[in-house]
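Each chain gets a letter, A, B and so on, in the order its sequence line appears, and its residues count up from 1.
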Number of protein chains: 2
Amino acid sequence: MSSNNTAHETAPQFAAHVFAALGDHTRLSLIEKLSDGQTRSIAGLSVDSHLTRQAITKHLHILEEAGLVISTKVGRESQFAFKPDTIEEVRAYLDSVSRQWDDALSRLRAFVER
Amino acid sequence: MSSNNTAHETAPQFAAHVFAALGDHTRLSLIEKLSDGQTRSIAGLSVDSHLTRQAITKHLHILEEAGLVISTKVGRESQFAFKPDTIEEVRAYLDSVSRQWDDALSRLRAFVER
DNA sequence: CATAAGTGCAACCTCCTGGTTGCCTTTATC
DNA sequence: GATAAAGGCAACCAGGAGGTTGCACTTATG
């Protein structure tokens with residue numbers, strides 16, 4: 001939980017930032033599309049959406065700023081690609097929360113059983 | 001990815017809903033506190049916050065509606081507890097995204113190596 | 001019983017978010 | 001070179017999110 005955190009946020013701040021980016025069904029569907037490893041242009045990502053290209057563009061920039069996606073400009077179009085690192089960091093964060101829960105459970109169990 | 005999904009949302013909708021609930025640092029810190037397994041009242045959760053009790057209440061209701069937390073009224077106070085099931089479902093969702101990515105990677109590798 | 005503690009409810013406010021439209025710039029393509 | 005395709009930028013708008021204040025209600029407590 002640090003390599004992508006360029007803004008020197010604390011772990012929860014970073015996680016909240018990424019969660020906020022994931023907390024929109026349009027953005028989440030963009031992530032799902034790109035997680036197949038293929039690279040897509042803005043027009044390509046907008047084609048089967050009822051939203052405007054500008055709306056998709058805004059969502060992509062939010063995803064990029066959160067570190068979930070990366071873009072490179074090739075020719076007249078900018079290609080967007082999934083960036084799995086940040087997802088991994090967020091998974092690790094959720095693991096830490098779950099681990100605290102599991103530890104609390106086992107402490108409780110030990111207390112009950114003695 | 002279904003047991004907590006009472007509103008019959010699709011998996012991505014459910015996940016986006018939970019992510020949106022997690023995408024606020026105040027709510028995330030509430031989750032962190034409660035993930036130690038202890039039960040806390042609204043006043044107890046508001047005591048070391050610069051926010052109003054009402055603000056904390058609103059956040060708790062959002063967390064509860066997302067299935068991340070559960071409340072039971074005991075006496076004059078309502079006790080909030082962490083509910084780990086939903087976190088588990090979201091972790092599973094992130095796993096599915098990562099798995100699609102991994103599959104895409106290995107297909108690419110197989111293609112390159114032949 | 002009087003009072004304090006813990007909440008719930010509703011109104012209100014400000015600012016951000018998601019979305020649109022319009023227009024201009026840059027690349028391809030015929 | 002003219003035209004089409006892809007995108008960037010800025011202004012604008014409605015609605016929701018986060019937060020506050022005020023007050024009423026319920027449950028403990030001295």
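Between F80(A) atom CZ and dG7(D) atom C1' there is a gap of 10 Å when expressed in whole angstrom units. Rounded to whole angstrom, the span from the CG atom of L45(B) across to the P atom of dT7(C) amounts to 9 Å. Taking atom NE2 on H61(B) and atom P on dA10(C), their separation rounds to 13 Å, with Å as the unit. Taking atom NE2 of H25(B) as the reference point, atom P of dA17(D) lies 17 Å away to the nearest angstrom. Atom NZ of K73(B) is separated from atom P of dG6(C) by 13 Å (rounded to the nearest Å). The distance from atom CG of L51(A) to atom P of dT17(C) is 17 Å, rounded to the nearest whole Å. At whole-Å resolution of the value, CD1 in I42(A) and P in dT25(C) are 19 Å apart. I56(A) has its CD1 atom 18 Å from the P atom of dC9(D), to the nearest Å.
Across all strands shown, E77(A) has heavy atoms under 4.0 Å from sugar-phosphate atoms exclusively, and none from any base. Here A43(B) lies in heavy-atom contact (under 4.0 Å) with sugar-phosphate atoms only. Counting any heavy atom pair closer than 4.0 Å across all strands shown, I62(A) reaches sugar-phosphate atoms only and no base atom.
The aromatic rings of H61(B) and F80(B) lie tilted to each other, with the angle between the two planes from 30° to 60°.
Dashed line: the shortest gap from a side-chain N or O of H59(B) to OP1 or OP2 of dG19(D) is under 4.0 Å. In this model, the phosphate group of dG19(C) is not approached by any side-chain N or O of T52(A) to a distance below 4.0 Å at OP1 or OP2. Contact check, S41(B) against dT7(C): a side-chain N or O comes under 4.0 Å of OP1 or OP2. Within the 4.0 Å cut-off from OP1 or OP2 of dA5(C), not a single side-chain nitrogen or oxygen of R53(B) is found.
Shortest non-hydrogen contact noted between A21(A) and I62(A) is CB-CG2, 4.3 Å. Here the closest non-hydrogen pair linking I56(B) and S49(B) is CD1-OG, 3.9 Å. Here the closest non-hydrogen pair linking A20(A) and R27(A) is O-NH2, 3.2 Å. Of all heavy-atom pairs between Q100(B) and S35(A), the closest is OE1-OG, 2.8 Å.
If you check distances only, the side chain of Q54(A) never reaches the base of dG18(C) with a donor-acceptor pair under 3.5 Å. Between the side chain of K58(A) and the base of dG19(C), a donor-acceptor pair under 3.5 Å is found. In the interface, the side chain of R76(B) is paired with the base of dA5(C) through a donor and an acceptor atom under 3.5 Å apart.
Under a 3.5 Å cut-off, the side chain of T52(B) and the backbone N or O of A55(B) do not form any donor-acceptor pair.
In this structure, H17(B) and E65(B) have side chains that are in contact, with non-hydrogen atoms separated by less than 4.5 Å.
Inspection of the Q79(A) and T39(A) side chains reveals no N or O donor paired with an N or O acceptor under 3.5 Å.
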Contact list (N/O, under 3.5 angstrom) for nucleotides 1-3 of chain D vs protein:
none

